[in-house]
2 protein chains.
Amino acid sequence: MALTRFVEQLRRLGPLSEAEEQALRSLPGRYVDVPANLDFSESISSSSERILVLVEGLLASCYDTEEGERQLTALHVPGDLCDLNSLVLASKPMCLTALAPSRVYAVARGAFTDAMQRHPGLIGILWRYSSSRVLILNERVVSLGSRDARQSLCHLFCELAVRQGFSSGGVTTTYALPIKQHQLGSALGITYVHVNRTLRALREEGLVHFQHQIVTIPNWDRLTRQAGFDPGYLTGYLQ
Amino acid sequence: MALTRFVEQLRRLGPLSEAEEQALRSLPGRYVDVPANLDFSESISSSSERILVLVEGLLASCYDTEEGERQLTALHVPGDLCDLNSLVLASKPMCLTALAPSRVYAVARGAFTDAMQRHPGLIGILWRYSSSRVLILNERVVSLGSRDARQSLCHLFCELAVRQGFSSGGVTTTYALPIKQHQLGSALGITYVHVNRTLRALREEGLVHFQHQIVTIPNWDRLTRQAGFDPGYLTGYLQ
DNA sequence: CGACCGTTTGAATCACCTCAAGAGCGGTGG
DNA sequence: CCACCGCTCTTGAGGTGATTCAAACGGTCG
């Protein structure tokens with residue numbers, strides 16, 4: 001149950017043998033509930049030797065600047081493995097924060113590496129997963145560097161829809177996104193005031209509605225066109 | 001010779017056995033010279049089954065938006081492995097571009113994977129390398145999202161100094177950086193006009209000089225303080 | 001020499017920010 | 001039950017960092 005969505009994500013990236021899938025599903029771990037607005041640094045999670053898979057809620061990797069600003073560098077939706085980098089490298093100033101009340105499945109690091117040794121194919125698969133997350137990060141760089149607030153917002157709504165499997169061509173797309181406008185701003189590098197104004201404009205144009213933490217996309221094609229969104233970077237097809 | 005600096009980078013990230021280092025150094029490949037401003041899409045380089053290590057010059061990963069803007073998502077300095085992601089995942093819209101006349105060492109993909117199979121320890125090492133690049137990418141996200149032009153520029157000069165091993169505490173730091181102001185802008189998400197004005201301001205303040213493609217940092221500590229630069233994310237110490 | 005590329009600078013404009021204040025709303029306590 | 005608090009959303013007015021358009025300057029190369 002805990003890792004179902006995670007396994008689904010991996011399967012989208014490439015073939016997964018029966019044995020490999022079984023090895024993943026049977027990874028021992030425990031559920032941890034996290035209240036909203038709790039920060040838990042990755043270093044803490046790695047010192048307790050845990051790999052975290054988000055089951056429910058919304059997490060973010062974040063980075064606090066000296067000026068007191070907080071930049072969210074990645075959003076994690078259910079099924080995401082949150083701190084894969086900490087498996088091989090200790091990253092000092094990065095931390096995880098819960099944007100909404102969340103539940104994670106914590107796997108001991110040893111169990112994880114054991115599974116990889118017994119099933120070497122998993123290494124390649126997880127590497128591929130890691131690469132797919134890099135592509136998402138790349139896209140965030142493009143948003144922050146080259147898109148205005150309007151496009152960034154549209155793009156993010158598209159990305160999260162696809163990542164959660166909610167995108168659909170013809171009909172209205174709707175999904176829950178338990179995030180505050182303030183946090184949206186921290187992710188997109190703009191102030192919450194400007195997030196608010198931009199959301200209103202998008203709502204008035206009928207491009208996308210975000211209210212009460214629910215995203216409604218009346219016309220998927222129109223939004224993706226506005227956002228310059230190309231889902232190719234998410235599907236991560238094999239060569 | 002070709003891979004000396006690359007091996008040095010890897011050794012900074014963790015232990016490297018004699019055999020592993022030897023396996024890397026003896027990777028067969030050929031030198032390719034690339035003129036400035038040439039784009040070669042990663043898909044091309046992967047279809048010809050090549051892994052690229054930069055020997056000399058300056059490359060960038062880039063992404064062209066529909067509006068015709070170009071966002072540079074990563075800079076590659078000599079010793080960098082440029083397209084590690086394409087080893088496991090085909091990324092469609094991304095491409096490599098030469099910012100200056102460059103020389104790369106191209107290794108056949110098969111030779112690379114063979115070496116990894118004969119020396120499984122290399123997998124972890126390369127994974128660690130990949131993670132270290134992600135940390136750099138994270139830092140770029142912070143720059144684009146939370147730092148102004150001034151800080152971004154300072155931060156980039158610091159980062160490139162450390163990545164090339166040119167940073168030094170007390171004395172003046174100097175290194176060549178074959179990049180145009182126009183390309184700096186593409187990397188930092190600002191216009192070349194604003195790059196120019198900001199560089200002038202930094203020069204007048206004596207924080208950092210960038211002229212004729214040479215970076216001069218009179219006072220390393222002062223610059224890192226201004227930039228909010230913490231080299232921790234580059235050293236990537238082991239846990 | 002003219003053509004070209006990159007740099008430099010000015011003036012006007014725009015996207016976004018800062019400061020500030022009010023409104024809605026659920027939670028808590030008297 | 002109402003008063004009060006804190007949190008989030010909302011909106012206004014003014015300011016600033018960065019952009020756009022435009023033009024001039026300097027070096028390099030054929």
Side-chain angles (χ1 to χ4, degrees), chain A residues 35-38 58 65 67-72 97-101 143-156 176-205 208-215 226, chain B residues 35-38 58 65 67-72 97-101 143-156 176-205 208-215 226:
Chain A
N37 301 315
L38 180 69
L58 188 66
T65 64
E67 283 81 12
E69 271 191 85
R70 163 162 288 194
Q71 176 69 40
L72 305 186
T97 183
L99 303 184
S143 264
L144 290 164
S146 299
R147 296 195 253 257
D148 59 14
R150 206 190 141 71
Q151 280 190 310
S152 294
L153 231 16
C154 291
H155 198 278
L156 185 65
L177 180 61
I179 195 174
K180 313 286 184 193
Q181 293 186 2
H182 162 254
Q183 298 161 334
L184 269 179
S186 299
L188 300 177
I190 55 186
T191 60
Y192 66 94
V193 175
H194 196 55
V195 169
N196 183 286
R197 288 193 239 265
T198 309
L199 283 176
R200 176 158 59 85
L202 291 173
R203 202 182 310 136
E204 285 168 358
E205 292 176 69
V208 55
H209 295 247
F210 179 62
Q211 265 170 331
H212 311 301
Q213 308 203 325
I214 294 191
V215 179
Q226 271 287 329
Chain B
N37 300 316
L38 180 68
L58 187 66
T65 65
E67 284 80 13
E69 272 191 85
R70 163 162 289 194
Q71 176 70 40
L72 305 186
T97 183
L99 303 184
S143 264
L144 290 164
S146 300
R147 296 195 253 257
D148 59 13
R150 205 191 142 70
Q151 278 191 311
S152 294
L153 232 15
C154 291
H155 198 277
L156 185 65
L177 180 61
I179 196 173
K180 313 286 183 193
Q181 294 186 2
H182 161 255
Q183 299 162 334
L184 269 178
S186 299
L188 300 178
I190 54 186
T191 59
Y192 66 93
V193 175
H194 196 56
V195 168
N196 183 286
R197 288 194 240 266
T198 308
L199 283 176
R200 175 160 58 85
L202 291 173
R203 202 182 310 136
E204 285 168 359
E205 294 177 67
V208 55
H209 294 247
F210 178 63
Q211 266 171 330
H212 312 300
Q213 307 202 325
I214 293 189
V215 179
Q226 271 287 329

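Letters A, B, ... are given to chains in the order of the sequence lines, protein chains preceding strands, and every chain is numbered from 1.
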[X] side-chain N/O to [N] phosphate OP1/OP2 under 4.0 Å:
X: B/Q213; N: C/dG6; result: no
X: B/T191; N: D/dA18; result: no
X: B/R200; N: C/dT9; result: yes
X: A/N196; N: D/dC9; result: no

Only one of B/L58, B/L156, B/L99 passes side chain to side chain contact (heavy atoms under 4.5 Å, CB included) with B/L177, and that residue is B/L58

May I ask you to check whether B/Q226 and B/R150 show a side-chain donor-acceptor distance below 3.5 Å?
yes

| What nucleic acid atoms does A/G185 come within less than 4.0 Å of, heavy atoms only: base, sugar-phosphate, or nothing? | nothing

Rounded to the Å, how far apart are [X] [atom1] and [N] [atom2]?
X: A/K180; N: D/dC9; atom1: NZ; atom2: C1'; result: 10 Å
X: A/R203; N: D/dT11; atom1: CZ; atom2: C1'; result: 12 Å
X: A/H182; N: C/dC17; atom1: NE2; atom2: C1'; result: 15 Å
X: A/I190; N: C/dC17; atom1: CD1; atom2: P; result: 6 Å
X: B/R147; N: C/dC16; atom1: CZ; atom2: C1'; result: 20 Å
X: B/L144; N: D/dG17; atom1: CG; atom2: P; result: 19 Å
X: B/L199; N: C/dT8; atom1: CG; atom2: P; result: 8 Å
X: B/H194; N: C/dT9; atom1: NE2; atom2: P; result: 15 Å

Sequence neighbours excluded, the answer for side-chain hydrogen bond (donor to acceptor under 3.5 Å, both in side chains) partners of B/Q181 is B/N196

Ranking B/V195 and B/Y192 by the position along DNA chain D of their nearest nucleotide, the one closer to 5' is B/V195

Note to self: More than 12 heavy atoms of other residues, nucleotides or ligands under 6.0 Å from NE2 of B/H182: yes or no?
What the structure shows: no

List the steps and the verdict of side-chain contact (heavy atoms from CB on, under 4.5 Å) for A/Q183 and A/N37. CA-CA 10 Å; A/Q183 298 161 334; A/N37 301 315; 3.9 Å; yes

Between A/T198 and B/F210, whichever has its closest DNA chain C nucleotide further toward 5' is B/F210

Any donor-acceptor pair, under 3.5 Å, between the side chain of A/R197 and the base of C/dT18, if you only look at N and O atoms?
yes

